[in-house]
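All figures in this text were calculated on a predicted structure; none of them were measured in a lab.
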Amino acid sequence: MTECTNPIARRDCGYSHASTPVIQKALKSRTPDGAHPLVDAVALQEFSDPKQSVREDVAFLRTNPLVHPDSMVSGWYYSVQTGELQRVC
């Protein structure tokens, strides 16, 4: 059993600047035409606020039946610039 799960987001995460169309375009430029229908099916879970994303991840994990109910779940935010790790929830 996993006793502790800790999603961590970081400040200025590159993924927070991504969007489904941008990623799809990049993937299509690197894959054969036959793979493009699969690329079109890609749907990212886009976010602009890393702290809110962590809160949502923690809420999901706390209610997920695959996560043991006695597991501790907490969310964190890391600032690359300062090295600070801040508990979000």
Side-chain angles (χ1 to χ4, degrees):
M1 172 182 90
T2 300
E3 296 179 7
C4 183
T5 303
N6 300 308
I8 301 173
R10 66 180 174 87
R11 182 176 180 209
D12 202 27
C13 170
Y15 190 74
S16 67
H17 304 291
S19 69
T20 297
V22 169
I23 298 297
Q24 287 172 330
K25 182 178 178 181
L27 289 172
K28 284 181 178 180
S29 73
R30 295 175 174 90
T31 57
D33 290 345
H36 292 186
L38 296 172
V39 171
D40 289 336
V42 169
L44 302 176
Q45 294 179 338
E46 300 170 20
F47 67 90
S48 58
D49 180 347
K51 290 180 182 178
Q52 182 58 33
S53 178
V54 167
R55 287 184 197 96
E56 291 169 6
D57 291 345
V58 167
F60 170 79
L61 290 167
R62 285 182 177 160
T63 60
N64 189 308
L66 298 176
V67 177
H68 194 280
D70 293 335
S71 292
M72 185 180 89
V73 181
S74 61
W76 299 81
Y77 176 75
Y78 175 66
S79 173
V80 177
Q81 287 77 13
T82 66
E84 178 185 11
L85 184 63
Q86 173 187 14
R87 187 172 182 160
V88 175
C89 54

For a quick test of your reading: what N or O donor-acceptor pairs under 3.5 Å do the side chains of residues 57-64 make, sequence neighbours left out?
residue: Arg62; atom: NE; partner: Val73; partner atom: O; Å: 3.4
residue: Arg62; atom: NH2; partner: Val73; partner atom: O; Å: 2.8
residue: Thr63; atom: OG1; partner: Ala59; partner atom: O; Å: 3.1
residue: Thr63; atom: OG1; partner: Phe60; partner atom: O; Å: 3.2
residue: Asn64; atom: OD1; partner: Leu66; partner atom: N; Å: 2.7

Indicate every side-chain donor-acceptor pair of residues 81-89 with a distance under 3.5 Å to a residue at least two apart or in another chain.
residue: Gln81; atom: OE1; partner: Arg11; partner atom: NH1; Å: 3.4
residue: Thr82; atom: OG1; partner: Ser79; partner atom: OG; Å: 3.2
residue: Thr82; atom: OG1; partner: Glu84; partner atom: N; Å: 3.2
residue: Gln86; atom: OE1; partner: Lys51; partner atom: NZ; Å: 3.3
residue: Arg87; atom: NE; partner: Cys89; partner atom: O; Å: 3.3

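A distance of 10.5 Å separates OG in Ser19 from NZ in Lys25, rounded to the nearest 0.5 Å. The structure places OG1 of Thr31 at 3.5 Å from NE2 of His36, a figure rounded to the nearest 0.5 Å. Taking CG of Asp49 as the start and CZ of Arg55 as the end, the distance is 6.5 Å to the nearest 0.5 Å. Here the CD1 atom belonging to Ile8 is positioned 10.0 Å from the OH atom belonging to Tyr78, to the nearest 0.5 angstrom.
When all heavy atoms are compared, the tightest approach of Asn6 to Ser74 is OD1-OG, 2.7 Å. Residues Gly34 and Pro37 come closest through the heavy atom pair O-CD, 3.4 Å. Contact between Ala9 and Val54 at its shortest, heavy atoms only, is CB-CG2, 3.3 Å. Closest of all the heavy-atom pairs between Val39 and Gln24 is O-NE2, 3.2 Å.
Environment of NZ in Lys28: crowded, with over 12 heavy atoms of neighbouring residues, nucleotides or ligands closer than 6.0 Å.
Contact of the Trp76 side chain with the Pro7 side chain is not registered, since no non-hydrogen atoms from C-beta on lie closer than 4.5 Å. The closest side-chain heavy-atom distance from Glu3 to Ser71 is not below 4.5 Å.
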